[in-house]
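In each ligand, atom 1 is the first atom listed, and ligand 1 is the first ligand listed. All heavy atoms count here, side chains included; hydrogens, waters and symmetry mates do not.
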Amino acid sequence: MKTEYNKYMVYFIAMIAALGGLLFGFDTGVISGAIPYFQPYFSIDDAAVESITTAGLLGAIVGALFCGRVTDLLGRKTVILASAVIFAVGAIWSGLAGSPAQLIVARLFLGVAIGVSSFAVPLYIAEISPARIRGRLVSLFQLMITIGILVSYLSDLFFADNANPACWRPMFYIGVVPAVILFAGMWLLPETPCWLLLKGREDESRRALARIEDPALIETSLSRTKDEIAQNRERAGWREIFKPWLRNALIIAVGIMFFQQSVGINTIMYYCPKIFLMAGFADNISAIWASVGVGIVNVVFTIVSLYFVDRLGRRKLYFLGMSGILVSLVCLSLCFTFNRDMGDAGKWLSIITVFLYIIFFAISIGPLGWLIVTEVFPLKVRGLGSSIGSLSVWIFNSIVAFTFFKIVNAFTLPGAEITVQGEQAGNPAGAFLFYALIALAGIIWGYFYIPETKGIPLEKIEKHWKEGGSPRKLKDANF
Ligand code: BGC
């Protein structure tokens, strides 16, 4: 009976985990289909669009920055409940925005919830799930981000209506639905046993454990958590993480997130209907349709990568993916360079290359970034290391989102402008070539820094760093 009950609880946790990831992805993607409508609605230029998109990311930086401390202070559950409220209020606020300035503030506010949930939800899952399914639930979170992006593209498509200039409003409103479900679900779930112990609330911790764990394992699990807490008390935090023996781990975490973002993935995620309009699509709806295709390909190939990551290993996937990204970016750049001469064929060729680019990203540096960041740090600084990883993502992501159209315009040679819906616009050929150069740098960097962590126990990785081993030699190290 008991195990049955636990199983339901675990499914329930998985569902909530899924929702946290879905909301994160949804609010990442929703802006893309809304842009082609709110841009003419408010008559704003690309720079203002960049500011609105980046506002959400700045909010995420703030959320990720303070989240560690707040989740320790108030508890994981309380913080996730609060973030569900911010998600809901932010969604309505964005939809109601009466001016671009209001939209900026609303997205900034909502961004805080994205940043908070990108840290607090995986933390909650990791602490509350029974050890045997922990890994699976954490990677489920990653997959759900991509599903959330797809859902947002689909709902954008559902609400897109060329006859209604205000159709971007319901695109934002609908984000309330998953937020309310997250709130209700989270309300029913217990606080994590680990946090309760941390606060000296041992009885409550035991009761929380009783709702998830096998009764025979409760006391063992309790004392293991106590040990872990005692270990964590000793952790030196920031000072430790900057010590020379962890330098490589730090370079790997920040470096891989730098390349994950700087190959320009989110220029496609946020601006893809706009990019398809630049490629020659005549109207918003068909451009959003093409984005739905991007969303589907992203989900499917993220699943493919989950299958391959422990079979092919990290380095092979990295080089395969990054080389593919490099080639597709060069092709995309060529497509835009010869855009005028190729007519309709150019449009289709650029779609195909965008799809190839997404495939190579989704099988490699997308999921690998998040995975490797959790692997390279020793337990003592793993939490801090992962938060440095998430923070790097949001910072680099904001820089890319904020500069995309500026780079497009700066790298448009005189006479190379393209026509988007009857108006002259910058040509993104130079921008994609620029991202291609970053991908090339990423390949060279990866040769030295991407560690092959496949099948290597995490304690061995720590030992390797302590012995002064290089990332490239990890696989061959003699343990
Ligand atoms: C990245 C996100 C990106 C997503 C696309 C993730 O790995 O961190 O910035 O939007 O992949 O699937």
Side-chain angles (χ1 to χ4, degrees), residues 20-33 53-54 56-61 63-64 111 114-115 117-119 121-122 138-154 253-273 275 291-306 309 314 317-318 321-322 324-325 328 354-374 386-404 435 438-439 442:
L22 188 123
L23 262 169
F24 171 178
F26 182 88
D27 282 295
T28 302
V30 67
I31 190 109
S32 80
T53 311
T54 313
L57 297 166
L58 291 181
I61 293 177
I114 302 185
S117 66
S118 74
F119 179 82
V121 175
V138 174
S139 41
L140 176 75
F141 180 76
Q142 298 306 331
L143 178 62
M144 287 310 291
I145 297 175
T146 58
I147 297 183
I149 296 177
L150 173 61
V151 169
S152 74
Y153 289 171
L154 283 170
V254 177
I256 197 162
M257 290 317 201
F258 170 78
F259 286 109
Q260 187 200 64
Q261 295 300 316
S262 307
V263 293
I265 181 66
N266 286 309
T267 64
I268 307 278
M269 292 296 142
Y270 301 140
Y271 304 128
C272 91
I275 292 173
S291 316
V292 170
V294 164
I296 294 175
V297 168
N298 192 20
V299 171
V300 171
F301 283 87
T302 301
I303 298 174
V304 171
S305 104
L306 293 182
V309 76
R314 301 0 172 199
L317 268 185
Y318 181 87
M322 286 296 267
I325 288 174
S328 14
V354 167
F355 278 21
L356 283 175
Y357 169 83
I358 297 293
I359 290 175
F360 285 115
F361 179 89
I363 57 158
S364 66
I365 196 162
L368 276 182
W370 294 101
L371 177 67
I372 289 182
V373 162
T374 64
S386 312
S387 59
I388 291 180
S390 330
L391 200 60
S392 311
V393 161
W394 295 117
I395 293 175
F396 297 132
N397 191 340
S398 331
I399 297 174
V400 174
F402 190 63
T403 52
F404 177 59
Y435 298 133
I438 295 182

Given the options Leu317, Val263, Leu368, Met322 meets side chain to side chain contact (heavy atoms under 4.5 Å, CB included) only with Val263

Heavy-atom donor-acceptor pair, Ser262 side chain to Phe259 backbone, under 3.5 Å: no

Can any side-chain N or O of Gln260 pair as donor or acceptor with the backbone N or O of Gly366 at less than 3.5 Å? yes

Measuring only between side-chain heavy atoms, which start at C-beta, is Phe360 closer than 4.5 Å to Phe355? no

Ligand 1: which residues have a non-hydrogen atom closer than 4.0 Å? Thr146, Ile149, Gln260, Gln261, Asn266, Met269, Asn298, Phe361, Gly366, Trp370, Asn397

Do Trp370 and Met257 come close enough that some side-chain heavy atom pair is under 4.5 Å? yes

Any side-chain donor-acceptor pair under 3.5 Å between Asn298 and Tyr153? no

